[in-house]
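Whatever order the structure lists them in is the order used to number ligands and atoms, beginning at 1.
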Amino acid sequence: MCGIVGAVAERNVVEILLEGLKRLEYRGYDSAGVALLQASGELTRIRRTGKVQELADAVAQHDALGSTGIAHTRWATHGGVTEANAHPHFSSERVAVVHNGIIENYVSLKANLIEKGYTFTSDTDTETIAHTVHEELVSGKTLLSAVQSAVKTFHGAYGTVIMDKNDPSRVVVARSGSPLVIGLGLGENFIASDQMALLPVTRRFIFLEEGDVAEITRRDVKIFDKDGAPVEREVIESNVEHDAGDKAGYRHYMLKEIHEQPTVVRNALQHRIDDNGLTKDVFGEGADAIFSKVKHVQIIACGTSYHAGMTARYWLEQYANVSCNVEIASEFRYRKSVVHPNSLLITISQSGETADTLAALRLAKELGYMSSLTICNVPGSSLVRESDLAFMTKAGAEIGVASTKAFTTQLTAFLMLTLALGKENGMTEADSKSIVSALHSLPAKLEETLAITSGIEDLAEEFADKHHSLFLGRGDQYPIAMEGALKLKEISYIHAEAYASGELKHGPLALIDDEMPVIVVAPNNELLEKLKSNVEEVRARGGIMYVFADKDAAFAGDDTMRVIDVPHCEAPIAPIIYTLPLQLLSYYVALIKGTDVDQPRNLAKSVTVE
Ligand code: F6R
């Protein structure tokens with residue numbers, strides 16, 4: 001959500017900032033801006049609404065220069081999408097600020113600052129940061145101590161970077177609830193909200209902790225904790241691929257990421273399973289001791305990751321004999337819940353920075369869960385650092401806002417977790433063997449499934465003029481139907497709902513007509529006959545259906561029912577396999593509708609505000 005880049009160097013940093021913004025654009029993309037400070041103290045600001053390219057074009061025209069600079073790509077929270085609301089925000093042409101997060105008490109701060117004579121030129125909460133720091137600076141403080149004092153007055157979440165025109169040799173940064181990472185260079189240092197932004201210039205990173213304030217100059221980084229005490233934070237060598245920001249010849253990141261799934265799932269499995277099952281310490285040292293005590297699992301996540309959790313519940317209860325609840329993080333954190341004895345709290349997140357999921361983890365710690373595990377894609381992210389155990393999904397950088405490969409690797413992780421917890425809870429030998437064998441076959445099955453793309457392209461034409469759609473599934477395919485509906489609404493803007501097909505006659509059947517395409521996921525499993533009855537209920541009401549079915553499921557297509565063959569697969573991996581055609585369907589519908597597939601309207605990757 002929004003992206004921040006900053007640099008303190010000897011060279012002109014403008015290209016570093018713009019490249020960083022482009023690499024972060026998937027996080028927020030309604031407007032962008034840059035502020036540059038020359039050693040002479042000359043301060044330049046350029047802001048544009050629209051994509052980062054608009055800003056880059058404007059910067060090129062201005063010949064902008066600066067060896068210290070900050071930049072931002074915005075996803076609007078407070079204040080509409082206008083140039084005046086784009087960051088950086090200034091105070092008195094002296095202080096420049098970029099900010100991710102929300103200053104929740106900005107209304108009272110603003111009223112105070114206006115009373116003291118400050119004039120606001122935007123509708124944002126961020127501008128209060130600029131004026132508050134300015135007020136501290138004019139009282140004679142250094143930029144560092146001005147920021148340390150200012151942050152004490154802020155409630156809410158911030159990752160913020162601040163420059164002072166009178167001191168061009170440094171930036172000061174503060175983190176609370178919104179991630180920031182310092183990039184270490186040779187005679188130059190950087191700051192960003194995500195390491196992705198800085199990979200072209202460094203691989204050495206320091207992830208700031210909650211409450212940290214840091215002062216960054218060309219040669220030095222000084223970090224202070226929430227109490228103002230100087231602290232050392234670990235320097236981490238990143239192994240994230242530098243070219244992850246590349247589309248590799250695909251038209252969109254989303255299509256590239258869909259097609260990467262066989263490879264990343266293979267990576268997720270590598271060295272973690274062999275012919276006998278899980279290898280040693282797959283979930284980290286000490287995990288086995290924790291798993292041997294687990295009697296209940298509570299899963300917390302948002303969006304697509306929540307759908308992975310919903311699927312996992314079917315597996316954990318069916319195969320591993322472990323009771324499991326799954327809840328949306330934003331609900332869990334604001335209600336009183338009962339903690340079962342010996343409960344393992346599992347968070348799932350692509351980014352590891354989702355504000356609600358992180359807050360839920362922190363709450364769970366207070367509530368006394370036995371232990372916490374995160375299933376996450378971003379090493380060094382907040383969830384990874386704050387959980388007792390972390391399992392990395394190894395999907396690689398996911399740039400498309402609509403999550404695809406992160407989801408299928410999360411599901412792969414959950415099948416491995418099912419094996420691990422099942423081992424401690426009386427899983428049958430047959431189930432264990434069947435999951436291991438299914439996992440071995442998974443990468444190849446995913447490749448086979450992607451080969452049905454051309455049929456789906458044709459199908460997509462039939463959705464382009466539709467306004468509503470219904471997705472149906474049963475059992476562990478119900479969350480997959482939900483995920484299919486989420487993908488379609490996110491990138492094609494077609495209203496899509498998902499139902500467990502057994503629920504049809506309890507209401508949604510009323511919606512069925514020939515304007516409402518019904519998408520059904522139908523592997524050949526023990527629920528097939530029940531599902532077929534539901535399909536007949538739709539047919540009897542004139543519904544038009546698109547059934548993604550196992551060949552052996554014997555659906556007979558006709559005028560009202562199009563059947564798309566999905567390769568046969570073993571039962572445990574069917575939810576992963578059936579996800580792919582639904583991702584492709586959404587992608588091709590969006591393509592036909594001409595939407596911005598990778599950066600759909602109103603959305604942003606990594607939701608770091610609640
Ligand atoms: C949907 C999507 C979102 C995310 C959700 C959680 O395609 O990407 O629904 O799944 O915002 O994000 P993470 O997984 O980063 O916690």
S305 and Q410 side chains, donor-acceptor separation under 3.5 Å: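 The answer is yes; a qualifying pair exists.
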
Donor on one side chain, acceptor on other, T73 and K22, under 3.5 Å: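 The criterion, which ignores hydrogens and geometry beyond distance, is not satisfied for K22 and T73.
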
Residues that Q599 engages under side-chain hydrogen bond (donor to acceptor under 3.5 Å, both in side chains), provided they are two or more places apart: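 For Q599 the side-chain hydrogen bond (donor to acceptor under 3.5 Å, both in side chains) partners, ignoring immediate neighbours, are K51.
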
Under 3.5 Å: N or O atoms of ligand 1 paired with protein N or O:
unit_1: ligand 1; atom_1: 7 (O); unit_2: T304; atom_2: OG1; d: 3.3
unit_1: ligand 1; atom_1: 7 (O); unit_2: S403; atom_2: N; d: 2.9
unit_1: ligand 1; atom_1: 7 (O); unit_2: K487; atom_2: NZ; d: 3.0
unit_1: ligand 1; atom_1: 7 (O); unit_2: E490; atom_2: OE1; d: 2.7
unit_1: ligand 1; atom_1: 7 (O); unit_2: E490; atom_2: OE2; d: 2.9
unit_1: ligand 1; atom_1: 8 (O); unit_2: V401; atom_2: O; d: 3.3
unit_1: ligand 1; atom_1: 9 (O); unit_2: T304; atom_2: N; d: 3.3
unit_1: ligand 1; atom_1: 10 (O); unit_2: T304; atom_2: N; d: 3.1
unit_1: ligand 1; atom_1: 12 (O); unit_2: T354; atom_2: OG1; d: 3.4
unit_1: ligand 1; atom_1: 14 (O); unit_2: S305; atom_2: OG; d: 2.6
unit_1: ligand 1; atom_1: 14 (O); unit_2: Q350; atom_2: N; d: 2.7
unit_1: ligand 1; atom_1: 15 (O); unit_2: S349; atom_2: OG; d: 3.3
unit_1: ligand 1; atom_1: 15 (O); unit_2: Q350; atom_2: N; d: 3.4
unit_1: ligand 1; atom_1: 15 (O); unit_2: S351; atom_2: N; d: 2.9
unit_1: ligand 1; atom_1: 15 (O); unit_2: S351; atom_2: OG; d: 2.7
unit_1: ligand 1; atom_1: 15 (O); unit_2: T354; atom_2: OG1; d: 3.3
unit_1: ligand 1; atom_1: 16 (O); unit_2: S349; atom_2: OG; d: 2.6
unit_1: ligand 1; atom_1: 16 (O); unit_2: T354; atom_2: OG1; d: 2.4

Residue of the set L373, L361, I375 for which side chain to side chain contact (heavy atoms under 4.5 Å, CB included) holds with S387: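 Going through the options one by one, the only one that passes is L361.
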
Backbone N/O of E257 and side chain of K405: donor-acceptor pair under 3.5 Å: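 The answer is no, because no donor-acceptor pair under 3.5 Å joins these two groups.
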
side-chain contact (heavy atoms from CB on, under 4.5 Å) evaluation trace for I564 with L459: CA-CA 9 Å; I564 305 95; L459 196 76; 3.9 Å; yes

